[in-house]
Amino acid sequence: MGALATASSSRADPGAAFSNPQIEARVDALLGQMTVEEKVGQLNQFAADTLTGPGQVVSDGDQKIRSGQVGSLFNAVAAKATNRYQKEAVEGSRLHIPILFGYDVIHGFRTLFPIPLGLSASWDPGLVERTARVAAQEASREGVRWTFSPMVDIARDPRWGRIAEGAGEDPYLGSEFARAYVRGYQGMRLGDPDSIIACAKHFVGYGAAEGGRDYNTAEISERTLRDVYLPPFHAAVDEGAGTLMSAFNASDGVPASANPFTLTQVLRDEWRFSGFVVSDWTAVREIMLHGIADDGRTAARKSFLAGVDMDMQSDLFLPNLPGLVRDGEVPADRLDESVRRVLRIKFALGLFDKPYVGTTEAVGVPPARRGVDLAREAAEESFVLLQNRDTGSGALLPLGAGRGRRIALIGPLADSGLDMMGSWTGAADPGDVVTLRTALSRRVASEGMVLSEARGTAIAGDSESGFAEALGAARSSDVVILALGESGHSSGEASSRSSLDLPGNQERLLEAVAATGKPIVLVLFSGRPLSIGWASRHVPAILEAWFPGQQAGPALVRVLFGDSSPSGRLTVSVPRSVGQVPIYYNSLNTGRPRSDPIGLGDKKADPYYVTGYIDEKNTPLYPFGYGLTYTTFSYSPVRVDLSTISARALKAGTAHLTVSADVRNTGAREGTETAQLYIRLRGTSVARPVRELKGFRRLRLAPGESRRVDFTLGREELSFWNIEMKDVVEPASLYVWVGPDCTQGSPAKVELGE
Ligand code: GLC
């Protein structure tokens, strides 16, 4: 993945989406008329109506807008509001510069899709692009033309609540999804009225917060930064994303919103990014709390000169930058460049030509049918079937008359619309959510089955007053569906947990229901992987549903009854216990490996002095890439078209490897398999991970059908940042796997010669 971390880019000119001679000419003409205060005004952003962070809504907003001191507003989500503010700017200010309205459109605007971690489990970038397209169409109708999405932070620590907002632990997969979101949001042309500008966030390293504690310090080496945390941002920039958001955290003692290495050397000098960077909420002001500025003026100067172009909610650029420019502490041309970056985006979006939107109040209108159908499709593809054991008459799922007519639905998440939405719910209405209980009631009635229900317990808390009713419902059933997990707001921002257990006394309820001897289908709702060790040992069927969004119920019923087969695959490792964290598949082998991942005798002769715990295994409960469905698949041995190849030719891009395998549906039902390509490099100048994902294919196969999958390995897949911190392909022994997850298969070996 290193190739994209260099100056080169896989696209001719990623900035072409928002820069061309006509736009530049209009920017120059406008810039020439602006006072210093008006220029700084374009770099000032604050929340219009609602708060998504600490502080208060600015009171004299209209006055600031009329005086040209507001470049952007966010959290105004209805056309009536955005048009009103826009009128103040366009008709009330001297230069009539339109406002750019932003909003956290994270997994939908009015139509709510699964949380991003759930969407990533689909391993379907095309699906995610379609959801982003619908979100853009809905948001733009309200005047919102900028979303603070995609969140592309790599996360290896499920204690961190914001793992819910991203695409998991892998940089290759994270990069593919980053591209998909940018394509979906920005559409074919930014000037189209239903395009919105993307914002890759949080730049950079936010997911490495120590202890999984939100906003906490990260310690990331430059090599890990370039190999793991930067690639999804580079992919987003390469795909033409117009903005980035700088993060709260410090890494290596430098706050991300005042870090010239990442914000200028990497982003501008190496990647040639020509869009603009907005700080996260009050992150400019917070560099005083980090301790590298004693006053607002210093904070503004350091953050601006490091590379932050727009100040979200700190209100420090506005009062300080004009003086800093006049005192020569901030060069005038540096100010002009930041203003240019903002204005070109506004011109590219067509805001100068069409600043207003139609006044249809779509926010209050139910989501369109197309969006609702897509929400159900996305939810179905997001579910990961973790277990589906035989309970004596075959695998427990899918349900149906053969499984008994009486179903008990138990648990605090069976009928909670709000919790199905997860964090960052946009302009969606909980009233639009169809819960599992609602959909199951309809299905059971249509099948002439019998449904009994009991909440059993709360999501959090320790009261067992509901247990008796729940156990009664279980005893009178043939199969129990247990809807357990977290509340929708116990992940997302400022929602780190020190435990990965089921909250409250849900585990006790689970054990009590299991003690009735009835077969259980555990449907798990969570914004992070949970350490469900007891359940994995005692519950025959477990479906991870994440937070599925507004079509939670219909999607779950279709999968539980087999109308559609689960096809999701994990994009995060599921720990056995929180003590294993951070846990991720693409780790280094160490000098004392406990296992021997590629059978090279890595396993130390002595089984004692090896890396591990005395009270826990090293391996996760369920590994990255894993997921079951209602059929089975087999893989042929992996094939490579060359047994040796020149590293130099690979680096030059004049040679590549072809890797292939045959995948067969060996079961009795149609199913979708995600064939995954992994590599390992040995003999390199720095240690490389025991496995790295470098490709995947989603295959829909009929029973008995076999299909060949082909992958190409070239410079982009085989380069990495070596001992001299250069992004190169080195001579090495290359091992390649094609399999169903990060643990299976036998590798083929290829020598990368000089
Ligand atoms: C929040 C979040 C960021 C969000 C922004 C605006 O603090 O960190 O992800 O986009 O503020 O709501």
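Start at 1 with the first residue, then count along the sequence. Hydrogens, waters and symmetry mates are skipped; everything else that's a heavy atom, side chains included, is used. Both counts, for ligands and for their atoms, begin at 1 and track the order of listing.
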Are any of the heavy atoms in His202 under 4.0 Å away from ligand 1?
yes

Mind checking what makes side chain to side chain donor-acceptor pair (under 3.5 Å) contact with Arg156, not counting sequence neighbours?
none

Report the part of Arg162 (side chain from C-beta onward, or backbone N, CA, C, O) that has a heavy atom under 4.0 Å from ligand 1; answer both or neither where that applies.
side chain

Could you tell me, atom by atom, which parts of ligand 1 come under 4.0 Å of a heavy atom of Lys201?
3 (C), 4 (C), 9 (O), 10 (O)

Qualifying residue for side-chain hydrogen bond (donor to acceptor under 3.5 Å, both in side chains) with Tyr185, from Ser149, Ser140, Ser195
Ser149

Side-chain donor-acceptor pair under 3.5 Å between Glu138 and Thr111, yes or no?
yes

Flag Trp281 as yes when one of its N or O atoms lies below 3.5 Å from any N or O atom of ligand 1, and as no otherwise.
no

Mark up the atoms of ligand 1 that fall under 4.0 Å of a heavy atom belonging to Glu493, in ascending order.
1 (C), 2 (C), 7 (O), 8 (O)

Counting heavy atoms only, which of Val278, Asp104, Asp280 comes nearest to atom 10 (O) of ligand 1?
Asp104

Could you tell me whether the side chains of Tyr584 and Asp157 share a donor-acceptor contact shorter than 3.5 Å?
no

Do Thr82 and Gln86 have side-chain atoms, one donor and one acceptor, less than 3.5 Å apart?
no

Ligand 1-proximal atoms of Glu165, by part, heavy-atom distance under 4.0 Å:
neither

What pairs with Arg189 under salt bridge (charged side-chain N to carboxylate O under 4.0 Å, His left out), at least two apart in sequence or on another chain?
Asp192

Does an N or O anywhere in Trp424 fall below 3.5 Å from an N or O of ligand 1?
no

